Engineer: 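Here's a structure for you.
Small disclaimer: the values here were computed from a predicted structure and weren't measured. Index from 1, following the sequence.
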Amino acid sequence: MKRNILSIFAIGAVLFSSCVKQLDVPQKGVIGQDEFYLTTEDALQARTAMYEAFVKNLTGIYDSGESAIYTAFPLMLNEAADDVIAAGEFYGDNDFGAAINEFRYDTNNQVINQVYKRLYELAYKANLVIDNFSKSDDTAAQQYVAEARAMRAFCHFYLAVLWGTPPQVDHVLTPTERAPQLESQEALLKWVAEEAKDAATKCPDKVDANSAAIMTKWAAYAIAGKAFIQMHDYKSAAECFKAIIDSKKYELVAGDKWETMFHANGKDNKEFILQPGKAENTALGNWSGPIQRGEWMMTQFWNWRTDHLASWPNIQGIDGWGGGAIRGSFAEDWDEYEHDSYRRKGTFFTPDEWIHEAGWKDQSGDEVRGERCDTSVFVGISGGTKGAAYLYGQDRYMYRKLIAWKEDVPKGNWGFRATILCRYADVLLLYAECAANGAGDAALGKQYLNDVQKRANAPVTDLSIDNVKRERQYEFWGEGLRWIDMCRYKEFDGVKDNGKTVPVTYDAFWTKGESTHRLYSEPSTPNSGTVGFQAGKHELFPIPYCETSLNPDIKQNPGW
C-alpha cells in the first residue's frame with residue numbers, strides 16, 4: 001500500500017497557483033514556463049540550475065532569506081558517527097552539531113530540517129530537467145536528463161537511508177498532487193538503484209579535472225551500487241562497483257599525497273568520482289558568491305579555536321569554532337594499529353605531535369616547541385590567563401584532516417574546497433565488502449582491500465568483513481560515510497552513551513605544574529536529560545515537524 005504525502009513543493013505550487021488566479025495579468029519581462037523549456041539551450045540552463053542547487057543545497061546555504069546551517073549535510077552525517085565528539089568553547093556552543101552527536105535532537109532540529117528540505121529542493125531541480133526534456137530527440141538534452149535522473153536518485157538515496165520511507169518525488173507535482181510514501185525503505189532503495197543504473201547508460205563518460213563535479217556514468221553506477229549494498233544485495237552492488245573499476249578512469253592518489261586530497265591543491269586528481277564543484281561567482285555579489293558557493297561555516301566549524309591557543313598554528317589558515325573532535329579511544333587504537341601510516345598522520349595529531357610538531361609561533365614569529373617557555377599551547381579562557389585553560393569536547397588527539405590550510409581560504413574566511421561525496425577508495429572497499437560477503441571475486445576483493453592499505457602505508461590483511469569495516473572507518477573519517485556504514489551494519493553500540501560524559505582537555509604544564517607540556521583529558525557531565533542512541537528510535541531521523549504538521553497523514557518514523 002502507498003501513502004499519499006503532500007510535498008513541500010506541491011504546497012508551494014498551490015500558493016503560487018492561487019496567486020495567479022487572483023492576479024490574472026501577464027507579467028512583463030518574464031518568460032512563462034510553457035515558453036521556456038523548449039530548446040537545447042533551455043535544457044542546458046535547467047541543468048546548470050540543477051548543479052547550482054547541488055552546490056548550494058549540500059555545501060552552501062539553502063536560502064539567503066533564512067537563518068541557515070550552511071553545511072548541514074556533511075555536519076549531520078559526521079556528527080552522528082561513533083568516532084566523532086561534539087566540541088566547542090563550552091557546553092551549548094555549536095549546539096546545532098552537539099544535539100546530533102548526543103542524540104538529543106527533536107523533530108524541530110534545524111540541521112535535520114534543512115537537510116530534508118535541501119534534498120527535496122535538489123530533487124525538484126532535477127525533476128524540472130527530466131519532466132521537460134525526457135521526450136527530446138536531442139542527444140545533449142538526453143544526456144542532461146540522464147544526469148538529472150542520477151541526481152534525483154542521489155537525493156532519494158540519502159532520504160531513504162536517513163529517513164526510511166519519506167515521500168518519493170519522481171516528477172514535478174501538480175498543485176493538488178500528493179507524493180507517495182512507499183511501504184518500505186528497501187522499496188525506495190530499489191527504485192534508487194535501478195533508476196541510477198539505467199541513467200548511467202546515457203550519462204557522460206569523461207573524467208577530467210571538472211567531471212567529478214557532474215553526474216558521470218561512473219558516479220551514477222556508484223549511487224546504484226551504494227543503494228544495492230545498503231539493501232545487502234551484494235551481487236548487484238558488486239557488478240556496479242566492478243564496472244567503475246574496469247573503466248580504468250580512476251586511480252588512487254599516491255600515499256604521500258593522501259592528505260592533499262582534502263585541500264585546494266589536491267582537487268585535480270583521478271580519485272574523485274563525485275564532488276560538488278566550488279568556485280566563487282563574483283557576479284552574484286558578496287552574499288551569494290562566497291556564502292552560497294563557498295564553505296565558510298564548514299571551515300569555521302572544524303578549525304581549532306585560536307583564542308584558546310598560545311599562538312596561531314602554521315597548519316591553520318583562519319580562526320575556527322572547534323566544533324568537532326575525534327574520539328580519543330578511537331584515535332588511540334588507530335595510532336597503535338598504524339602509527340606511521342600516511343592517513344593516520346594526515347587525519348590527526350597524537351597529543352605529543354600536536355605540542356611538538358604543529359608549528360607554533362611566539363609573538364616574535366619564532367617557532368615554539370613544547371618545552372617550558374613564555375608561550376604555552378593554551379591561553380586561558382578569559383583575559384589571556386594560562387591557569388584554567390581547557391578545550392571543551394576535545395579528547396587529547398587533535399584532528400587535522402578537516403583543518404583549512406592557508407591555501408584553502410584565499411579570501412580570508414572563504415574557502416572553495418570541494419566536498420568529496422565519493423572517491424575511488426570508497427568503490428574499492430565497497431567491492432571488497434561485497435566479496436567478503438560472498439559476492440564478486442574474493443581474490444579481487446582482497447587485492448582492492450590491499451591496494452588501499454598499501455597506499456596508506458598500513459598493515460596488509462586478509463579479506464574479511466571486519467578488516468573492511470576497520471579500513472573504511474580509518475580511510476573515510478570525517479567524510480560523512482561512517483553513519484551510513486553504521487546503518488548498513490546496524491552497529492550502534494558506539495553511540496549509545498554519547499553525551500553522558502564529554503571530555504575536556506587540559507595541559508598538565510599549567511594545571512599540574514609539570515615541567516613540560518602534556519595533554520590529558522577528564523570527563524565532564526554537562527547533560528541532565530536523556531542522551532545517547534536509543535534503539536528503536538534513532539536508527540532513522542524524524543521527519544521534520546514542519547512537514548508532518550502540514551500533512552497529519554504522513555507516517556512518522558518509530559519513536560517520534
Engineer: Measure from the ring center of Tyr158 to the ring center of Trp163 and say whether it is less than 6.0 Å.
Structural biologist: no

Engineer: Please tell me whether His156 and Phe154 form a close aromatic pair, meaning their ring centres lie under 6.0 Å apart.
Structural biologist: no

Engineer: May I ask you to check whether Gln473 and Asp485 show a side-chain donor-acceptor distance below 3.5 Å?
Structural biologist: no

Engineer: Can you find a pair of side-chain heavy atoms, one from Arg400 and one from Thr347, that are under 4.5 Å apart?
Structural biologist: no

Engineer: Say whether, by atom type as modelled, one donor and one acceptor occur between the side chain of Asn113 and the main chain of Asn109 under 3.5 angstrom.
Structural biologist: no

Engineer: Taking it one step at a time, do Thr461 and Gln453 satisfy side chain to side chain donor-acceptor pair (under 3.5 Å)?
Structural biologist: CA-CA 8 Å; Thr461 67; Gln453 292 170 330; 2.9 Å; yes

Engineer: Regarding Tyr397 and Arg327, do their side chains bring together a donor and an acceptor under 3.5 Å, going by distance alone?
Structural biologist: no

Engineer: Among residues at least two apart in sequence or on other chains, which ones pass ring pair (Phe, Tyr, Trp, His ring centres under 6.0 Å) with Phe301?
Structural biologist: Phe96

Engineer: Under the criterion ring-ring contact (aromatic ring centres under 6.0 Å, His included), I'd like the reasoning laid out for Phe157 against Trp191: C-alpha separation, chi angles, the key distance, then a yes or no.
Structural biologist: CA-CA 9 Å; Phe157 169 78; Trp191 175 80; over 10 Å; no

Engineer: For this output row, return yes or no: ring centroids of Phe541 and Tyr105 closer than 6.0 angstrom.
Structural biologist: yes

Engineer: Would you name the heavy atoms of Arg518 and Asp507 that are closest together and state the gap between them?
Structural biologist: N-OD1, 3.1 Å

Engineer: Regarding Lys537 and the six-membered ring of Trp560, is the cationic atom NZ or CZ under 6.0 Å from the ring centre and inside 45° of its axis?
Structural biologist: yes

Engineer: Please report whether the ring centroid of Trp354 lies less than 6.0 Å from that of Tyr399.
Structural biologist: no

Engineer: Salt-bridge test for Arg488 and Glu433: reply yes if a basic N is under 4.0 Å from a carboxylate O, no otherwise.
Structural biologist: yes

Engineer: I'd like to check the side chain to side chain contact (heavy atoms under 4.5 Å, CB included) partners of Asp426; sequence neighbours left out, ordered by chain and number.
Structural biologist: Lys226, Cys422, Leu430, Arg472, Phe476, Leu481

Engineer: Closest approach of Val495 and Ala80, non-hydrogen atoms and distance?
Structural biologist: CG1-O, 3.8 Å

Engineer: Can you classify the ring geometry of Phe330 versus Tyr474 as parallel (below 30°), tilted (30 to 60°) or perpendicular (above 60°)?
Structural biologist: tilted

Engineer: Distance alone, cut at 3.5 Å: any donor-acceptor contact between the side chains of Asp335 and Thr350?
Structural biologist: no

Engineer: Is there a donor-acceptor contact under 3.5 Å from the side chain of Asn78 to the main chain of Gly480?
Structural biologist: yes

Engineer: What verdict does the salt bridge (Lys or Arg N to Asp or Glu O under 4.0 Å) test give for Arg305 and Asp319, after you've listed the backbone C-alpha separation in whole Å, the side-chain angles of each residue and the deciding distance to 0.1 Å?
Structural biologist: CA-CA 6 Å; Arg305 298 191 64 93; Asp319 195 11; over 6 Å; no

Engineer: If the plane angle is over 60° it's perpendicular, under 30° parallel, otherwise tilted; pick one for Tyr390 and His308.
Structural biologist: perpendicular

Engineer: What verdict does the salt bridge (Lys or Arg N to Asp or Glu O under 4.0 Å) test give for Glu271 and Arg455, after you've listed the backbone C-alpha separation in whole Å, the side-chain angles of each residue and the deciding distance to 0.1 Å?
Structural biologist: CA-CA 12 Å; Glu271 183 155 344; Arg455 188 270 294 272; 2.9 Å; yes

Engineer: Is the Tyr116-Tyr120 ring centre distance short of 6.0 angstrom?
Structural biologist: yes

Engineer: Kindly assign one of parallel, tilted or perpendicular to the pair His538 and Phe533, based on the angle between their ring planes and the thresholds 30° and 60°.
Structural biologist: tilted

Engineer: Between Lys345 and Glu259, is there a salt bridge with N-O shorter than 4.0 Å?
Structural biologist: no

Engineer: Would you call the rings of Trp334 and Phe348 parallel, tilted or perpendicular, where under 30° means parallel and over 60° means perpendicular?
Structural biologist: perpendicular

